[in-house]
Structures are given as C-alpha cells and as structure tokens.
Amino acid sequence: RPHLLLDAALNRMTLASTPAEALLLEHVNLNIPHASLELARQFYIDALGGALNPRSTNERQLHVNIGASQLHLPHRLSVQIGEPCVTPQIWCGAITLCTSEPLAEVFRRVDALHMRETAGGEEANRQWARPTLFAPANGTPRLLCTCPWGNNYDIVSTPVGFVPAGEHPGGSHGLQAMLRVSHHVRKGAAAQLQSFWAEILNCVADLDEVPVSGGVLGQASSAARCTIRFATGQELVFVEADAENAPPANAYDTDEAAGYHLALYLPTHAAFEAAFRRAEAAGLLFENPRFVGGPIEFASAMTWEEADDAAQFRIKDLGQSGGIRTAMRTRTCDSVGGVESQARLTAPLGEDRVAEAALVLELEVRSPSHVSCPLDSAAVAARRERDLMRRERG
C-alpha cells in the first residue's frame with residue numbers, strides 16, 4: 001500500500017511537469033466607479049446580454065456571467081474597508097466575447113444606451129465612442145464597442161453547435177463565452193512571457209510573429225506575439241506594440257487604471273501544486289492587501305498550506321529576466337482608506353528586486369478544486385485528487 005501511494009504521487013508530479021494547456025480563463029477583473037454602478041448594470045447586462053451572478057454579486061462588486069467565464073466589476077476597493085472606487089480600470093487591449101443573439105440586436109441596445117448617455121449623461125460619458133457593426137461580404141461579422149469607461153469589446157456570433165464548457169450560478173443569457181483576451185506589451189516582452197508561462201505555470205505557450213499595419217513607407221511589418229491556449233478553446237494573447245499603444249511594464253504598480261487582474265485554472269491539483277512550488281522558489285508569490293480579511297478561497301496564499309486550503313495563489317511579476325528571489329520581505333503599497341497597507345512577496349534578504357518583469361499583471365492561479373470552479377467534472381476530479389494527496393502526506 002505505501003509503495004502504491006508513492007508511485008501514484010510520483011506519477012502525478014511527473015504529469016504535472018509536462019507542459020499542458022491551461023484549463024480555463026475564468027475572469028477578468030475591472031474596477032468601475034462606485035457612482036456608476038447602475039450604468040455598469042445597464043451596459044453589461046441589459047445591453048451586452050451578460051447574466052447577473054446572484055451568489056457572488058454583493059455590496060462590493062458586480063459579477064457578470066459569460067458562460068464558464070465572468071467579468072468581475074468591483075465598485076468598492078478593499079474587503080475590510082470597502083472604500084468606493086473612483087478610478088475605472090481600462091484593459092490595454094481587447095476582449096472577444098460571443099453571443100447567441102443577433103449582432104444587430106445587441107448593436108441596437110448598446111447604441112441606444114450610448115446615445116442616451118452621451119446626450120444627457122455624465123460629462124465623462126460624452127467621450128464614449130459609438131459602437132460599430134461590421135458585416136463584411138467575406139469575413140466574420142462583428143460588433144466593436146467600448147464600455148462607458150473605455151474597455152474594448154469585440155462581439156461575434158456564437159458558432160453553430162457551441163455549448164459552454166460550464167456555468168456559474170445565475171447561468172448565461174446572450175453572452176456565451178469569453179473567447180479571447182489580448183493585451184499590448186512593450187517590445188521584447190513576448191519572448192519573456194512565453195518563457196514565464198512555460199517555465200513557471202508549465203502551460204503550453206506559443207511564440208510567433210503577427211503582421212501589423214503602419215510599416216515605414218508601406219513596408220510590411222510584424223510584431224512578436226505570445227499565445228496561451230486553454231483546453232476550453234480560449235486564448236490569452238500578448239502582442240508587442242510601440243510605447244504609444246503599450247503601457248509601461250510596471251503600470252500595474254503605478255497607475256490605478258492598470259491595476260486589473262485575471263483568474264485562470266490549471267488542469268489538475270497536482271499541476272497547481274507544481275506551479276505554486278515553482279512560483280515560490282522564484283520569489284513570485286504576491287499578497288494583494290485589498291483581499292485581506294475576506295474569504296480564504298479569494299485571499300492570497302504565501303505558503304503551500306494556505307494555497308492548498310484556498311485552491312489559489314497570486315503572482316504579478318510576469319517574465320522576470322533573472323534574479324531568483326527566495327526569502328520573505330514586505331513592501332508598502334498604496335494606502336487603503338488612509339491606512340498604509342502591506343503586500344507580501346518573496347525576495348532575497350538584503351536585496352531589492354534584481355530583475356525587471358516583462359509585464360506586471362496580477363494573476364489568480366487556481367486549482368480545479370476551487371469552490372468557484374464552473375467546470376463540474378474537472379472540479380470533482382480535482383477535489384478527489386486533492387484529498388488523496390493529503391492522505392498520502394499523512
């Protein structure tokens with residue numbers, strides 16, 4: 001019996017060290033102004049066709065279901081204080097969603113809301129760009145629109161026969177899936193990000209070149225691109241761009257509007273543990289002070305015991321070019337509600353950060369055993385796997 005348990009554990013860890021597709025790109029978190037909560041409901045639910053998640057929407061945040069994925073829209077900042085959000089977060093790129101409704105109908109609703117708000121709404125909304133419906137003779141029809149605060153959405157029709165990979169409480173309405181999330185990065189970052197996803201999270205990540213317009217004197221030009229593919233068919237894409245279109249690598253740390261984050265699921269609990277161990281060894285673990293005092297399953301984890309209980313951990317310095325960090329240190333973050341808050345991350349004693357990240361972007365990295373996993377079969381298997389791993393350790 002002990003030998004069988006050891007063999008099973010070794011087999012799982014061997015599989016976890018083999019690069020695999022990530023499981024699910026589950027949510028994008030974009031803070032919205034507290035004063036504009038009702039407008040956010042009207043845009044994301046009434047106009048775009050998302051579904052309200054009644055279980056996780058509360059006095060601090062609005063959660064919009066999009067099949068197995070979500071948009072998280074907090075309008076209050078920290079869990080403990082709940083101070084109102086003032087600065088909206090604006091994703092530097094585009095988010096592609098698919099809808100089961102006719103694109104013309106979605107366009108009509110978005111355009112009606114846009115016309116009403118730009119004509120008589122708040123001053124800030126008068127700069128809101130009007131939606132555009134493209135119906136090329138040879139190509140995919142799509143609706144290009146922005147939210148009232150400037151986030152870019154590319155809406156396409158749901159493929160025939162498409163079935164969402166899972167769903168959250170509240171189900172789905174028109175919006176059926178988050179197909180693709182793209183982010184602009186500075187020159188040279190794509191290769192570093194490809195290495196990060198492959199070496200730390202052990203996910204399949206492709207590196208290639210994509211044609212771009214605007215070459216000098218009409219010459220063809222290209223940009224490096226890193227693509228992370230998910231078992232659900234989703235893509236997370238990082239495309240290099242010039243400084244005018246890509247934020248500084250550390251914008252997350254310096255600009256509240258760039259403080260957004262992503263949540264993703266790894267394929268198994270063993271893969272999750274292996275990723276945690278690598279992130280810990282590389283000094284990448286991060287504690288977000290805004291979630292201190294909240295439920296453990298949405299907190300930050302700085303030890304394996306915490307990560308195992310929460311089924312998630314956080315990192316944010318993606319694509320470090322060197323300089324392994326291993327011991328605990330504390331740095332002061334922005335004040336929260338007038339009180340200085342602390343964020344923990346790992347670094348060598350007596351040293352500061354010795355490597356610049358290709359991109360500072362907070363990731364919630366989750367096991368399928370997480371309480372919020374919308375993929376039922378993967379969640380059940382991962383929870384059994386987690387329980388067996390715990391028994392094997394005694």
Side-chain angles (χ1 to χ4, degrees), residues 25-30 32-33 36-54 57 62-73 88-91 93-122 124-182 232-235 237 260 374:
L25 180 54
E26 195 268 341
H27 75 249
V28 178
N29 184 102
L30 300 166
I32 58 173
S36 301
L37 174 59
E38 182 55 32
L39 178 58
R41 287 178 180 269
Q42 292 170 359
F43 176 77
Y44 285 103
I45 295 174
D46 299 339
L48 278 191
L52 178 74
N53 186 319
T57 295
L62 173 65
H63 283 188
V64 179
N65 293 344
I66 306 170
S69 299
Q70 294 182 315
L71 287 170
H72 286 191
L73 307 170
Q89 291 178 339
I90 303 172
W91 184 262
I95 299 173
T96 302
L97 310 174
C98 68
T99 179
S100 59
E101 299 182 279
L103 288 178
E105 174 61 20
V106 182
F107 169 81
R108 184 193 64 78
R109 296 196 303 256
V110 174
D111 194 47
L113 179 62
H114 168 270
M115 295 294 287
R116 188 189 76 201
E117 290 297 316
T118 53
E122 297 293 330
N125 295 335
R126 294 174 191 167
Q127 303 303 315
W128 182 11
R130 191 174 183 182
T132 304
L133 184 62
F134 288 96
N138 297 307
T140 302
R142 55 203 330 115
L143 168 62
L144 301 181
C145 63
T146 64
C147 77
W149 305 280
N151 287 291
N152 295 307
Y153 294 97
D154 179 7
I155 316 297
V156 298
S157 295
T158 302
V160 176
F162 175 84
V163 177
E167 67 175 19
H168 293 274
S172 295
H173 291 163
L175 293 179
Q176 298 292 300
M178 184 181 293
L179 300 179
R180 190 173 190 264
V181 175
S182 64
T232 50
Q234 298 166 291
E235 293 181 340
V237 183
Y260 40 71

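Just so you know, residue 1 is the first one in the sequence shown, and it goes up from there.
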Which atom of Ser182 lies closest to which atom of Arg180, heavy atoms considered: CB-NH1, 3.9 Å

Between Val181 and Val28, is there a side-chain heavy-atom distance shorter than 4.5 Å? yes

State whether the side chain of Gln234 and the backbone N or O of Leu25 hold a donor-acceptor pair below 3.5 Å, judged by distance alone. yes

Less than 3.5 Å apart, any donor N or O on the side chain of Glu105 or Thr99 sitting next to an acceptor on the other? no

Supply the atom-to-atom distance Trp91 CH2 to Cys147 SG, rounded to the nearest 0.5 angstrom. 13.5 Å

Return the CD1 to CD distance between Ile66 and Glu26, rounded to the nearest 0.5 Å. 10.5 Å

Tell me if a side-chain donor or acceptor on Thr57 pairs with a main-chain N or O of Leu62 at a distance below 3.5 Å. no

Closest non-hydrogen contact found for Pro136 with Pro141 is CD-CA, 4.1 Å

Write down the atom of Ala51, the atom of Ser172, and the distance for their closest heavy-atom approach. CB-CA, 3.9 Å

Full working for side chain to side chain contact (heavy atoms under 4.5 Å, CB included) between Phe134 and Asp154: CA-CA 11 Å; Phe134 288 96; Asp154 179 7; over 6 Å; no

Between the CE atom in Met178 and the CG atom in Asn65, the distance rounded to the nearest 0.5 Å is 10.5 Å

Do Ile155 and Leu103 have side chains that approach each other closer than 4.5 Å (heavy atoms only, starting at C-beta)? yes

Pro131 and Val110: which non-hydrogen atoms are nearest, and at how many Å? CG-CG1, 3.8 Å

Checking His168 side chain against Gly67 main chain: does a donor-acceptor pair fall under 3.5 Å? no

Just how far is it from atom NE2 of His173 to atom OG of Ser100, taken to the nearest 0.5 Å? 10.0 Å

With sequence neighbours excluded, residues passing side-chain hydrogen bond (donor to acceptor under 3.5 Å, both in side chains) with Glu101: Arg109

Do the non-hydrogen side-chain atoms of Trp149 and Phe43 ever get within less than 4.5 Å of each other? no

Please assess Leu113 against Asp46 for the test side chain to side chain contact (heavy atoms under 4.5 Å, CB included), listing each intermediate value before the final yes or no. CA-CA 9 Å; Leu113 179 62; Asp46 299 339; over 6 Å; no

Rounded to the nearest 0.5 Å, the OG1 atom of Thr146 sits from the NE2 atom of His114 at a distance of 7.0 Å

Show the numbers, then the answer: is there a side chain to side chain contact (heavy atoms under 4.5 Å, CB included) between Tyr260 and Asn151? CA-CA 12 Å; Tyr260 40 71; Asn151 287 291; over 6 Å; no

Close side-chain approach of Leu73 and Leu37, heavy atoms under 4.5 Å: no

Under 4.5 Å between any side-chain heavy atoms of Leu52 and Arg41, yes or no? yes

All heavy atoms of Gly50 vs all of Val64, minimum pair found to be CA-CG1, 3.7 Å

Rounded at 0.5 Å granularity, tell me how far CG in Leu175 sits from CD in Gln70. 12.5 Å

For a quick test of reading the model, state the closest non-hydrogen atom pair linking Cys145 to Leu48 and the distance between them. SG-CD2, 4.1 Å

